[in-house]
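Beneath this line is the structure, given in structure tokens, with notes to follow.
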Protein chains: 2
Amino acid sequence: MNPKINITEIAKQAGVSIATVSRAINDPALVKTETRERILDIIKSTNYKINYVAKNLRTNKSYSIGLIYTSVLMVFYHVISKGVEDIAIKNSYNVFFCNSGDDPVKENDYLSLLYEKRVDGIIISPTGKNDDIYKNIISSGIPVCFFDRNVRGVTADGVFVDNRKGSRQAVEYLLKKGYQKIGFISGPKRIMTGNERLKGYMEAHEALGVGVNKKLIQEGDYQYESGYRCAKELLDNNKIDALYIANEPMAAGALQLVNEKGLRFPKDIGFLMWDDPYWATLVRPNISTIAQPCYTIGTTAAELLFKKIDKGDSYMDKDSITITLNTSLVIRDST
Amino acid sequence: MNPKINITEIAKQAGVSIATVSRAINDPALVKTETRERILDIIKSTNYKINYVAKNLRTNKSYSIGLIYTSVLMVFYHVISKGVEDIAIKNSYNVFFCNSGDDPVKENDYLSLLYEKRVDGIIISPTGKNDDIYKNIISSGIPVCFFDRNVRGVTADGVFVDNRKGSRQAVEYLLKKGYQKIGFISGPKRIMTGNERLKGYMEAHEALGVGVNKKLIQEGDYQYESGYRCAKELLDNNKIDALYIANEPMAAGALQLVNEKGLRFPKDIGFLMWDDPYWATLVRPNISTIAQPCYTIGTTAAELLFKKIDKGDSYMDKDSITITLNTSLVIRDST
DNA sequence: TTGAAAGCGCTAACAG
DNA sequence: CTGTTAGCGCTTTCAA
């Protein structure tokens, strides 16, 4: 590998023009077999590597996409990233992984940067607080695909999960199982997933004719600490027979407290959480969960994105597509 | 944001040449205050964003680095990634995260791709099976920093942990605590960390005058399944009083088996593992671990890299730097 | 303090 | 089937 060796150098060595070298690389059929083979031999022996920066400038493509998620420490996002990466590789694309930490400022910075790098598309779990820039980017012609959370008023592709249904299913299961006072550590209401999972909780109670005690609903912020804090509030000041938690980090926090108090499930309390990290089967007894099809979310979002990328400018005509996947209730031993 | 708005357009609107616009952006002091302000106003109002692809071609820099790690599912790498990302942001750089899955072919592909994208530097936990391309890249002038694992015969910066010392410390602790038959699920011997941790295990026995039973050492491949399998071998066919495991995924596998067998630690068996994932404090009793300073590994590697990137070509003169960090033994309740 | 112009490495008409 | 040439958007000499 030698940055000095460029297409001109190859052309010189092969005794052809740079156009022919370019063709031999990008559209081999256009070049006479003999010439092509000579060129490819030289490319191999000199270890020439194309300069994508130049190619990208010329073709106005970058062969890379951006993925923005809101937390580095959730298994949920790791598996999704893997899904996205696999599809990207298949399309010979690179992905810029960006962690917004659910901070609108960081999100805005990353979005700008990705635009400046002229990525060919963006997959994002939005904070929901940067509507202007989402719209700017979309109208600039860069395909965008939301996942996990949708943004009201912004039209783009999206891959989501049926949070309301998943939540309702889960809570109905708990109620039918005999749990009557289900403490719910919910996500922020302003975030789509938080809101929907709460709705599911309410609907399940309604469907089974069980009254809802509002005190049993504690709104966390999806972080570990809030899980611990809300669990404390629920366990100290209320009589609950089950803990139902809206995401992984908060569940970890809640579990911490449960452990400290020496409570055992399902004997002392039922425990059911959203997301299905591998540690759910490491703790004893294994934890019942609501699993999201993470890998599929990633691959689906990426496929949606590449469909638009491949279409080029003409994709504007097409309506945006929203795909909603189902969650699955994984019953183990904690409920 | 409008890709049509480029530096030429700004120049036109401001009634100056593109050179002046470029200066106003990159070296404001060179431009008369009045002119500069007019230009910057227009940039703001038109929402002009620089095209990095063009800038990169011209300056022969990409303002991005690559990070290659060997597993998507280890907390270890996530925290390191965060460290790298934070330093990169501070330097206004982007990072391409690449998951080799410990597969030399994927690693080779990623290395080529990163080279083709002309990244300004690469941080990598190497499979150790691509010496030629490591060397090629380094000699092409792209700074490289290894982490986690070193590669013999390849000269580059590196950030590692003192695996031998950490392992020896841990095993001495176990022996002194009274465990005499410590089943060790080791990593592959061909990988530096696997090799060193094994040495530490041997040294501790030697230091305390305890004989080593080779049957108590099972070599895994750092993956979950091998942890399960090796634990089975150790527990089924040997009398051991403690399980000492060389990394997180294998520990998860081993823990799975321990759970299936209904064994409790520390009563039935001691349990000590490398890496300190957050689930170590989620399972009961909490697991004792050998914690690596992951975040610091990431920031240190990135800082080393940027030091060379900033130096430009002249960095070649400098010898390569290797930094070795210490692990810490975190005693909890499983031993 | 500013402008003109060359050129980074590549692709894509267009012409032959 | 191949070559010539313009030009992607920017930075950077050189000259004024």
Side-chain angles (χ1 to χ4, degrees), chain A residues 1-40 42-43 46-63 115-120 140-141 312-313, chain B residues 1-40 42-43 46-63 115-120 140-141 312-313:
Chain A
M1 292 177 180
N2 179 344
K4 297 275 152 64
I5 300 185
N6 53 29
I7 204 172
T8 311
E9 177 62 25
I10 301 294
K12 210 175 290 172
Q13 292 194 26
V16 295
S17 73
I18 58 168
T20 304
V21 176
S22 179
R23 286 189 202 103
I25 296 171
N26 298 300
D27 209 344
L30 259 45
V31 180
K32 189 165 59 168
T33 313
E34 191 187 307
T35 320
R36 182 178 61 229
E37 281 173 355
R38 185 154 35 94
I39 293 173
L40 295 181
I42 293 174
I43 286 180
T46 54
N47 207 1
Y48 161 76
K49 302 274 181 192
I50 189 171
N51 182 328
Y52 265 107
V53 180
K55 177 174 183 152
N56 296 349
L57 176 61
R58 179 57 229 238
T59 57
N60 201 24
K61 300 198 30 127
S62 70
Y63 302 97
Y115 179 83
E116 288 167 348
K117 298 247 181 184
R118 297 298 191 270
V119 294
D120 297 334
S140 82
D313 292 338
Chain B
M1 295 177 179
N2 179 343
K4 298 276 152 63
I5 300 185
N6 54 28
I7 203 172
T8 310
E9 177 62 26
I10 301 295
K12 209 175 291 172
Q13 291 194 24
V16 295
S17 74
I18 59 168
T20 304
V21 176
S22 178
R23 287 191 199 100
I25 296 170
N26 297 301
D27 209 343
L30 259 44
V31 179
K32 189 164 59 166
T33 313
E34 193 187 304
T35 320
R36 183 178 60 232
E37 281 173 354
R38 184 154 36 95
I39 293 172
L40 294 181
I42 293 174
I43 286 180
T46 54
N47 206 3
Y48 162 75
K49 303 274 180 193
I50 189 173
N51 183 329
Y52 264 107
V53 181
K55 176 173 186 154
N56 296 350
L57 177 61
R58 180 57 227 242
T59 58
N60 203 24
K61 298 195 33 122
S62 71
Y63 302 97
Y115 178 83
E116 289 167 348
K117 298 248 181 182
R118 296 301 191 270
V119 294
D120 297 334
S140 82
D313 292 337

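Lettering of chains follows the sequences in order, A, B, ..., and the numbering in each one begins at 1. Bear in mind the structure is a predicted one, so any value in this text is a computation, not a measurement.
Interface limits on DNA chain D: the 5'-most and 3'-most nucleotides within less than 4.0 Å of chain A heavy atoms are D:dC1 to D:dG9. Bounding nucleotides for the chain A contact on DNA chain C, 5' to 3', at a heavy-atom distance below 4.0 Å, are C:dG9 to C:dA13.
Nucleic acid contact for B:Val31: sugar-phosphate only, since backbone atoms but no base atoms lie under 4.0 Å from a heavy atom of the residue. Residue B:Asn60 is out of contact with every strand shown, counting any heavy-atom pair closer than 4.0 Å.
Residue pairs meeting the side chain to side chain donor-acceptor pair (under 3.5 Å) criterion with at least one member in residues 29-40 of chain A, sequence neighbours excluded, do not occur.
In this view, A:Lys117 satisfies the side chain to side chain donor-acceptor pair (under 3.5 Å) rule with no residue, not counting sequence neighbours. When the side-chain contact (heavy atoms from CB on, under 4.5 Å) test is applied to A:Asn6, the partners found at least two apart in sequence or on another chain are A:Thr8, A:Glu9. Not counting sequence neighbours, the partners of A:Asn26 by the side chain to side chain donor-acceptor pair (under 3.5 Å) test are A:Ser22, A:Lys55. Scored by the side-chain contact (heavy atoms from CB on, under 4.5 Å) test, B:Asp120 finds B:Lys61, B:Ser62, B:Tyr93, B:Ile309 as partners (sequence neighbours excluded). Applying the side-chain contact (heavy atoms from CB on, under 4.5 Å) test to B:Ile43 and every residue at least two apart in sequence or in another chain returns B:Ile10, B:Ile25, B:Ile39, B:Leu40, B:Tyr48. A:Pro3 pairs by the side-chain contact (heavy atoms from CB on, under 4.5 Å) definition with B:Tyr115, B:Ser140, not counting sequence neighbours.
If B:Lys32 and B:Ala54 are placed on DNA chain C by their nearest nucleotide, the residue sitting closer to the 5' end is B:Lys32.
Each end of the helix from C:dT1-D:dA16 to C:dG16-D:dC1 gets its own axis from five base pairs, and the two axes differ in direction by 40°, given to 10 degrees.
Contacts with DNA chain D (heavy atom under 4.0 Å) in residues 14-26 of chain B: B:Ile18, B:Ala19, B:Ser22, B:Arg23, B:Asn26, listed by number.
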Apply side chain to side chain contact (heavy atoms under 4.5 Å, CB included) to the pair B:Gln13 and B:Thr46, showing each step before the final yes or no. CA-CA 10 Å; B:Gln13 291 194 24; B:Thr46 54; 3.8 Å; yes

